[in-house]
Amino acid sequence: MTLAHNIFIRNLNAMYLQYSHIHSPTDIADFLTFCQAFYIALHHHHWGEEKFFFPAVEKYTKQPGLMSTNVSQHQAFDAGLEAFNDYVKSVKPEEYDAERFRELLDGFGGVLEAHLREEIGTLLSLERFGWRELKGAWDELERAVIDDMGNKDLVLPVGLGANDTTFEGGIHAWWPPFPFFVPYLVKFWYMRKHRGAWRFCPCDVFGKPRELAFLGEK
């Protein structure tokens, strides 16, 4: 779960660092697509947690309501996240306002980041109930997220584009556990439609970190 959450944090950081350095209509349009992809991926992840993962955890621990704090945390940033999504979906590139974008990002970003960090502690505390059962719940979440994944041309590039395979010396480079050809499939097929949007990703599709493209004057 930490690795999945790191993807969202890296993309959130990429938005904070680049939002004020884009000026041409083409760059702005691509950036807005990147932001929409972030929203869709995050929304899908939390949908899977609430529908599959949290109920599975509460079932095997026999602790109803055990994950209710996590659901409440989702709700705490939901309104801000939806306002952000409404903006990036509807604003025209020539009407993009960096200050307004920052306001909307601040409207959920801090609460989201705190949640992504705090939820890991909650999951680590489940050790007392057994890791095998927790892994089973996680496997159920992964299957559900993959099986129900729509917008693959958005979700896959934005996910792989923030999955730093060098993190902690590369010991997690095996994750996500998919066949070796998937990054190539994403690069040559799923990235095509919105290719310009992935310029804003902090990693390439193979998980290699790279300098952000829009950082302004150095």
Side-chain angles (χ1 to χ4, degrees), residues 1-22 27-28 30-49 70 73-74 77 80-81 84-85 88 98 101-102 104-121 123-124 138 141-142 145-146 149 151-178 182-183 186-187 190-191 194-216 218:
M1 185 71 82
T2 300
L3 301 177
H5 284 193
N6 282 347
I7 287 174
F8 296 119
I9 291 172
R10 291 187 192 107
N11 278 328
L12 186 64
N13 288 340
M15 288 188 286
Y16 267 111
L17 291 170
Q18 298 179 98
Y19 79 93
S20 62
H21 302 298
I22 50 173
D27 291 342
I28 292 171
D30 287 341
F31 180 68
L32 294 172
T33 298
F34 170 73
C35 295
Q36 291 173 49
F38 166 84
Y39 166 84
I40 292 169
L42 179 64
H43 186 273
H44 191 55
H45 174 76
H46 285 149
W47 165 84
E49 284 186 329
N70 301 81
Q73 289 178 345
H74 290 180
F77 60 76
L81 182 62
F84 169 83
N85 183 51
V88 299
F101 181 88
R102 175 60 185 262
L104 291 165
L105 202 55
D106 286 343
F108 74 91
V111 181
L112 170 62
E113 183 178 5
H115 159 70
L116 292 172
R117 297 184 187 281
E118 291 172 10
E119 189 170 80
I120 302 305
L123 298 180
L124 289 174
W138 173 254
L141 170 62
E142 283 194 331
V145 168
I146 291 172
M149 184 186 296
N151 298 295
K152 290 184 175 66
D153 56 344
L154 291 173
V155 175
L156 289 174
V158 82
L160 292 186
N163 182 40
D164 182 355
T165 56
T166 70
F167 176 60
E168 295 189 332
I171 62 174
H172 310 291
W174 58 270
W175 189 87
F178 47 50
V182 171
V186 174
K187 180 177 182 178
Y190 289 111
M191 290 177 68
H194 306 290
R195 186 166 299 280
W198 318 128
R199 295 179 293 155
F200 297 92
C201 290
C203 301
D204 66 20
V205 73
F206 300 102
K208 182 179 179 181
R210 63 189 184 186
E211 184 173 358
L212 294 173
F214 295 86
L215 293 179
K218 294 185 180 180

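Keep in mind that the numbers below use all heavy atoms, side chains included, and drop hydrogens, waters and symmetry copies.
- Separating the CG atom in D164 from the CG atom in N6 is a distance of 8.5 Å, to the nearest 0.5 Å.
- A heavy-atom distance below 4.5 Å is found between the side chains of D30 and R199.
- C201 is linked by a side chain to side chain contact (heavy atoms under 4.5 Å, CB included) to F34, W198, R210, counting only residues two or more places apart in sequence or in another chain.
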### From CA spacing to verdict: side chain to side chain contact (heavy atoms under 4.5 Å, CB included), K152, V186
CA-CA 9 Å; K152 290 184 175 66; V186 174; over 6 Å; no
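- Note: H45 and F8 have tilted aromatic rings, judged against thresholds of 30 and 60 degrees for the angle between ring planes.
- Note that OG1 of T2 and CD of E119 are 9.5 Å apart. Values are rounded to the nearest 0.5 Å.
- A distance below 6.0 Å separates the ring centres of H44 and W47.
- Not a single donor-acceptor pair under 3.5 Å links the side chain of Q18 to the backbone N or O of L212.
- The nearest pair of heavy atoms linking I7 to G159 is CD1-O, 3.7 Å.
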### Intermediate values then yes/no, side-chain hydrogen bond (donor to acceptor under 3.5 Å, both in side chains), E118 and Q73
CA-CA 10 Å; E118 291 172 10; Q73 289 178 345; 2.8 Å; yes
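- With contacts defined as side-chain heavy-atom distances shorter than 4.5 Å, the pair P202/N13 does not qualify.
- The two residues H46 and L116 come nearest to each other via the heavy atoms NE2-CD2, 4.5 Å.
- The main-chain N or O of L154 is never found under 3.5 Å from a side-chain atom of N151 such that the two would form a donor-acceptor pair.
- Taking 4.5 Å as the limit, some side-chain heavy atom of D106 sits within range of a side-chain heavy atom of R102.
- Shown are F108, Y39, F77; of these, the ring-ring contact (aromatic ring centres under 6.0 Å, His included) with F84 is made only by F108.
- Of the candidates F200, F31, Y16, Y19, F214 forms a ring-ring contact (aromatic ring centres under 6.0 Å, His included) with just one, namely F200.
- Looking at heavy atoms from C-beta onward, V205 lies out of side-chain contact with P157 at the 4.5 angstrom threshold.
- The closest side-chain heavy-atom distance from H21 to D27 is not below 4.5 Å.
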### Message
Between L112 and L81, is the side chain to side chain contact (heavy atoms under 4.5 Å, CB included) condition met? List the steps.
### Response
CA-CA 9 Å; L112 170 62; L81 182 62; 5.7 Å; no
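- Going from atom CG of D153 over to atom OG1 of T33 covers 10.0 Å, rounded to the nearest 0.5 Å.
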### Task
Run the numbers on H74 and E49 for side chain to side chain contact (heavy atoms under 4.5 Å, CB included), then give the verdict.
CA-CA 10 Å; H74 290 180; E49 284 186 329; 3.1 Å; yes
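- Distance CG/L17 to CG/L12: 9.5 Å, rounded to 0.5 Å.
- L105 contributes atom CG, which lies 7.5 Å from atom SG of C35 (distance to the nearest 0.5 angstrom).
- Between A98 and S20, the shortest heavy-atom distance links the atoms CB-CA, 4.3 Å.
- Among all heavy-atom pairs drawn from L160 and C203, the shortest one is O-CB, 4.4 Å.
- For A162 against R10, the heavy-atom pair with the smallest separation is O-NH1, 2.8 Å.
- Residues N11 and F38 come closest through the heavy atom pair CB-CD1, 3.8 Å.
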### Message
Set out, in order, the CA-CA distance, both residues' side-chain angles and the distance that settles side chain to side chain contact (heavy atoms under 4.5 Å, CB included) for K208 and T166, then state yes or no.
### Response
CA-CA 7 Å; K208 182 179 179 181; T166 70; 5.6 Å; no
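- T165 contributes a side-chain N or O that, together with a main-chain N or O of G207, makes up a donor-acceptor pair within less than 3.5 Å.
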